[in-house]
Amino acid sequence: MYNAKAYSASSATSPLASTTIARRDPTENDVQIEILFCGICHSDLHQARNEWSAVFPTVYPCVPGHEIVGRVTKIGSAVTKFKAGDLAAVGCLVDSDRTCPECKQGFEQFCPNFTLTYNSPDKRSGGVTYGGYSESIVVDQKFVLKVPANLDLAGTAPLLCAGITTYSPMHHWGVTKGKKVGVVGLGGLGHMGVKFAHALGAHVVLFTTSPGKKDDAIRLGADEVVISRNADEMAKHAGSFDFILDCVSADHDINALLGMLRRDGNICLVGAPEKPLSVAAFNLLFGRKSLSGSPIGGLAETQQMLDFCGANNITADVEIIPIQKVNEAYDRLVKANVKYRFVIDMASLKKTA
Ligand code: NAP
Ligand code: ZN
């Protein structure tokens with residue numbers, strides 16, 4: 001084992017602070033990565049503050065971060081996919097059992113024995129896994145992704161969670177030219193959702209609670225913007241959507257959004273608010289509507305998404321911050337004040353004691 005600098009939360013109410021964690025030395029299939037950039041996902045905040053205690057109780061200290069890009073510093077003897085000096089990326093998963101039916105079909109995100117990048121039992125070293133708010137990470141090569149050479153590195157980091165989490169359901173539910181697609185919430189996930197839906201040729205409508213984000217939404221690829229708290233604007237789109245991707249991090253009116261769907265339309269939840277949403281049955285019955293959900297994505301699809309972004313020059317719009325500003329960034333996330341993903345420049349971690 002070796003020591004690595006990191007930032008961790010020591011309880012649900014304490015701010016993140018500088019710490020040192022132990023990482024395993026790379027074994028034969030491992031890739032050691034010096035982390036250059038790590039995105040800040042709202043999931044990091046939910047977990048640092050133990051807001052998902054019913055499903056994923058947080059083990060402290062918690063080192064969040066699952067939008068990781070960096071450079072390979074060391075490889076194990078059996079590693080063929082990477083060599084020292086290569087760019088590399090890690091998302092939300094660092095392992096799975098590789099033998100279950102889900103893994104065999106490339107759906108590692110549904111493996112009952114997966115290991116998440118942080119706050120997951122660490123089957124290799126014991127304890128709990130630690131994420132990307134850290135100077136380095138050691139991951140089995142199967143779970144390390146290749147970064148297209150033409151993309152901006154800071155803007156690439158958020159693709160590893162916000163990117164795949166929005167790309168995967170759009171592919172699964174057939175977002176394409178000729179479809180009317182809604183994206184709800186212009187944050188990290190939502191702005192990637194707008195970019196992907198636009199790139200796939202759909203007619204894209206952004207639902208937002210923030211009137212000030214309207215011009216940005218159009219620039220990012222939305223054809224129309226609806227202020228979701230304005231009943232008149234909502235009424236104009238009632239019954240017209242094929243598909244809506246709900247990227248909202250907090251409690252909101254899902255029934256109003258169900259009213260936007262056409263017959264057989266579908267709302268897919270990717271947002272994971274702390275409290276359950278309340279659904280009125282008749283809003284699903286009339287119009288035979290569906291409410292679905294989708295978590296992250298598997299390794300093959302994540303690589304496919306990165307390659308799609310490389311081919312189409314798609315990256316996240318980022319605000320780069322030093323790690324010393326992480327608590328400020330969390331407070332701004334709660335206020336929906338993000339344009340549109342905070343990314344930590346991990347070089348700043350070197351400045352901590
Ligand atoms: P984010 O950057 O904070 O964006 C969330 C957006 O939701 C805000 O910018 C805001 O957009 C909207 N919003 C916030 N509070 C709202 C409210 N009370 N009512 C209506 N809209 C509200 O968060 P993120 O990183 O994109 O993550 C979004 C959610 O997805 C989080 O719950 C996160 O944990 C979850 N997530 C799920 C997965 C998965 O695998 N399914 C993966 C990653 C993240 P406007 O200002 O435009 O209204
Ligand atoms: Zn995430």
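Order of appearance sets the numbers: ligands from 1, and atoms from 1 within every ligand. Below, all heavy atoms of this structure are taken into account, side chains as well, without hydrogens, waters or symmetry copies. Fair warning: this is a prediction, and the values are worked out from it, not measured in the lab.
Less than 6.0 angstrom separates the ring centroid of Phe196 from the ring centroid of Tyr167. Separation of the Phe114 and Phe107 ring centroids does not fall under the 6.0 Å cut-off.
Every atom of ligand 1 with a heavy atom of Asp251 under 4.0 Å away is listed here by number and element: 17 (C), 18 (N), 19 (N). Under a 4.0 Å criterion applied to the non-hydrogen atoms of His252, ligand 1 contributes the atoms 19 (N), 20 (C). Each of the atoms 9 (O), 11 (O), 45 (P), 47 (O) of ligand 1 lies under 4.0 Å from some heavy atom of Leu186. Every atom of ligand 1 with a heavy atom of Ala272 under 4.0 Å away is listed here by number and element: 29 (C), 30 (O), 31 (C), 32 (O), 35 (C). Close approach of ligand 1 to Cys161 (heavy-atom distance below 4.0 Å) involves ligand atoms 42 (C), 43 (C).
For the residue pair Asn50 and Tyr60, no side-chain donor N or O sits within less than 3.5 Å of a side-chain acceptor on the partner. For Asp216 and His191, the side-chain atoms include no donor-acceptor pair closer than 3.5 Å.
Across the listed options Thr209, Asp246, Val184, Thr209 owns the non-hydrogen atom lying nearest to atom 48 (O) of ligand 1. The heavy atom nearest to atom 39 (C) of ligand 1, out of those in Leu333, Thr165, Ile227, is found in Thr165.
Using a 4.0 Å cut-off between charged nitrogen and carboxylate oxygen, Lys142 and Glu108 count as a salt-bridge pair. At a threshold of 4.0 Å, the pair Arg262-Asp242 counts as salt-bridged, since one of the basic side-chain nitrogens sits closer than that to a carboxylate oxygen. Lys74 and Glu28 are not joined by a salt bridge, as no carboxylate oxygen comes within less than 4.0 angstrom of a charged side-chain nitrogen. Under the 4.0 Å criterion applied to side-chain N and carboxylate O atoms, Asp30 and Arg124 are assigned as salt-bridge partners.
If you check which protein heavy atom lies closest to atom 9 (O) of ligand 1, you get Lys213 NZ, 3.2 Å. The nearest protein atom to atom 2 (O) of ligand 1, hydrogens excluded, is given as Gly188 N, 2.8 Å; this is a heavy-atom distance. Here the protein heavy atom with the shortest distance to atom 30 (O) of ligand 1 is Gly271 CA, 3.2 Å. When hydrogens are left out, the protein atom nearest atom 40 (O) of ligand 1 is Ile296 N, 2.9 Å; that is the closest non-hydrogen contact. Counting protein heavy atoms only, atom 33 (C) of ligand 1 is closest to Ser43 OG, 3.4 Å. If you check which protein heavy atom lies closest to atom 37 (C) of ligand 1, you get Val270 O, 2.8 Å. Nearest protein neighbour of atom 45 (P) of ligand 1, counting heavy atoms only, is Thr208 OG1, 3.3 Å. Scanning the protein for heavy atoms near atom 13 (N) of ligand 1, the closest one is Val248 CG1, 3.8 Å.
The 12-atom threshold is not exceeded at CG of Asp215, counting heavy atoms of other residues, nucleotides or ligands nearer than 6.0 Å. Within 6.0 Å of atom NZ in Lys179, 12 or fewer heavy atoms from other residues, nucleotides or ligands are found, so the atom counts as exposed in its surroundings. Within 6.0 Å of atom NE2 in His171, more than 12 heavy atoms from other residues, nucleotides or ligands are found, so the atom counts as buried in its surroundings.
Checking only distances, Leu189 does come within under 3.5 Å of ligand 1, N or O to N or O. Annotation: Cys41 places no N or O atom under 3.5 Å from an N or O atom of ligand 1; distance criterion only. Any N or O atom pair closer than 3.5 Å counts here, and Ser294 shares at least one such pair with ligand 1. Ligand 1 has no nitrogen or oxygen under 3.5 angstrom from a nitrogen or oxygen of Ala250. For ligand 1, the polar-atom distance check against Arg341 finds a nitrogen or oxygen pair separated by under 3.5 Å.
No donor-acceptor distance shorter than 3.5 angstrom exists from the side chain of Arg341 to the backbone of Ile320, with no hydrogens or angles considered. Between the Ser14 side chain and the Ala9 main chain, no donor and acceptor come within less than 3.5 Å of each other.
At least one heavy atom of Trp52 sits under 4.0 Å from some atom of ligand 1. The shortest separation from a heavy atom of Ala162 to ligand 1 is not under 4.0 Å, leaving the residue out of contact.
The parts of His42 lying near ligand 1 are both backbone and side chain, judged by heavy-atom distances below 4.0 Å.
Classification of the Phe282-Phe286 ring pair by plane angle, with boundaries at 30° and 60°, yields parallel.
Under the side-chain contact (heavy atoms from CB on, under 4.5 Å) rule, Thr129 has a single partner from Asn119, Ile137, Asp122, which is Asp122.
Taking backbone and side chain together, Cys92 holds no N, O or S atom under 2.8 Å from the Zn ion (ligand 2).
Remark: at the Zn ion (ligand 2), atom SG from Cys161 and atom NE2 from His66 enclose 110°, rounded to the nearest 10 degrees.
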